[in-house]
Amino acid sequence: RRVEGRRRRWLVVHSARRPGRAPCHDGRVTTLAPDELPAEAAGHPSAPLWRTPGLTVLFAASTTARLANECGRLGLVLLALDRTGSPALSGALVAAATFPQLVSGPLLGAWLDRTPHRRTVFVAHQLLLAAVLTWLVLAVGHAPSWLLVLTAALPGGTAPVLTGGYTGLIAPLVPRPLMQRAYGAEATSYNVAGVGGPALAGAVAAWGSPSAAVLVAAGLALLALVPL
């Protein structure tokens, strides 16, 4: 009787640590459906997303990083137009920052699926983006155009972490019943960056200067390292 009592206490404690598992009156363990869990449990379909461990940090990092990327693109266009008056250079800088993703995306995605060192490439991209944007503020209008375009292409090689890289981290964190809502929140992150980034660059350029807009983007790139 004493052994059976200990066994039942063990089942109660460990089932509480594992959402969806609960002991029956006879000591057996049964699996609960997601909608049978307490509303505050992480696996319940109506549980708040912010209670999922690590998800809030992931969204903070991904949204800030994407905001920096979008702000930096428009900032470079405004900077090149302001310093050189050349639409061709402005377009070339944006194309250079975007085109490498077409080549590196599949390769980087395959590597991220296999490596245990994912954080390294996320951090490396943010540092590289901040360094390149800062250098371009100093170099546009002074350095040769080919060098500017080549430098702008460097962060493009690691830019796929901003899309599939961050999105691929959701599934290991989120219980299946919350997966659809988590991906909906991820879509909101893209929208916030896609709208807010250019708006921020335009506002800073209007109130300050195009150089300030690019430097703000560099600062956001570094700020995205804090959650990481």
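All figures in this text were calculated on a predicted structure; none of them were measured in a lab.
Hydrophobic clustering, with ILVMFWY side chains joined whenever heavy atoms are under 4.5 angstrom apart, keeps Val192 apart from Leu58. Trp111 and Val123 end up in the same hydrophobic cluster when Ile, Leu, Val, Met, Phe, Trp and Tyr side chains are linked at under 4.5 Å. Under the 4.5 Å side-chain heavy-atom criterion for grouping Ile, Leu, Val, Met, Phe, Trp and Tyr, Val94 is not connected to Leu67 through any hydrophobic cluster. Leu128 and Leu93 fall within the same hydrophobic cluster, where Ile, Leu, Val, Met, Phe, Trp and Tyr residues are linked whenever their side-chain heavy atoms come under 4.5 Å apart, directly or through other members. Following chains of ILVMFWY side-chain contacts shorter than 4.5 Å, one cannot reach Val216 starting from Val214, and the two form parts of different hydrophobic clusters.
Once rounded to the nearest 0.5 Å, the distance linking CG of Leu225 with CG of Leu220 reads 11.5 Å. For the atom pair CZ (Arg83) and OG (Ser90), the distance works out to 12.0 Å, reported to the nearest 0.5 Å. To the nearest 0.5 Å, atoms NE2 (His125) and CG (Leu127) are separated by 10.0 Å. If you take CG on Leu74 and CG on Leu200, they are separated by 10.0 Å, rounding to the nearest 0.5 Å. To the nearest 0.5 Å, atom CG of residue Leu55 and atom CG of residue Leu169 are 10.5 Å apart.
Among all heavy-atom pairs drawn from Pro160 and Ser104, the shortest one is CG-OG, 3.6 Å. Heavy atoms only, all atoms of each residue included: Ala221 and Leu129 are closest at CB-CD2, 4.0 Å. Counting all heavy atoms, side chain and backbone alike, Ala217 lies closest to Ala68 at O-CB, 3.5 Å.
A 4.5 Å side-chain heavy-atom check between Cys71 and Pro198 finds every atom pair outside the cut-off. In this structure, Leu108 and Gln101 have side chains that are not in contact, with every pair of non-hydrogen atoms separated by 4.5 Å or more. Inter-residue side-chain proximity for Leu81 and Val77 is flagged as met; some heavy-atom pair is nearer than 4.5 Å.
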Assess the residue pair Ser211 and Leu79 against the criterion (side-chain contact (heavy atoms from CB on, under 4.5 Å)); give the C-alpha distance rounded to whole Å, side-chain angles, the decisive distance to 0.1 Å, and a yes or no.
CA-CA 6 Å; Ser211 300; Leu79 179 66; 3.5 Å; yes

Let's go through Gln126 and Thr64 carefully: what are the C-alpha distance in whole Å and the side-chain angles of both, what is the deciding distance for side-chain contact (heavy atoms from CB on, under 4.5 Å) to 0.1 Å, and is it a yes or a no?
CA-CA 10 Å; Gln126 298 308 123; Thr64 307; over 6 Å; no

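Of the possible donor and acceptor atoms, one in the side chain of Thr158 sits under 3.5 Å from a partner among the backbone N and O of Pro155. Side-chain N or O atoms of Thr63 include none that pairs as donor or acceptor with a backbone N or O of Ala60 at under 3.5 Å. Remark: the backbone N or O of Ala185 is not paired with any side-chain donor or acceptor of Ser189 at under 3.5 angstrom.
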Enumerate, atom names and distances included, each donor-acceptor pair closer than 3.5 Å involving a side-chain atom of residues 131-151, sequence neighbours excluded.
from, atom 1, to, atom 2, distance (Å)
Thr134, OG1, Ala130, O, 2.8
Thr151, OG1, Leu147, O, 2.8

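Applying the ring-ring contact (aromatic ring centres under 6.0 Å, His included) rule to Tyr166 yields the partners Phe122; only residues at least two apart in sequence or on another chain are considered.
Side-chain atoms of Arg66 and Thr163 include no donor-acceptor pair closer than 3.5 Å.
Screening residues 182-207 for ring-ring contact (aromatic ring centres under 6.0 Å, His included), with sequence neighbours left out, gives no hits.
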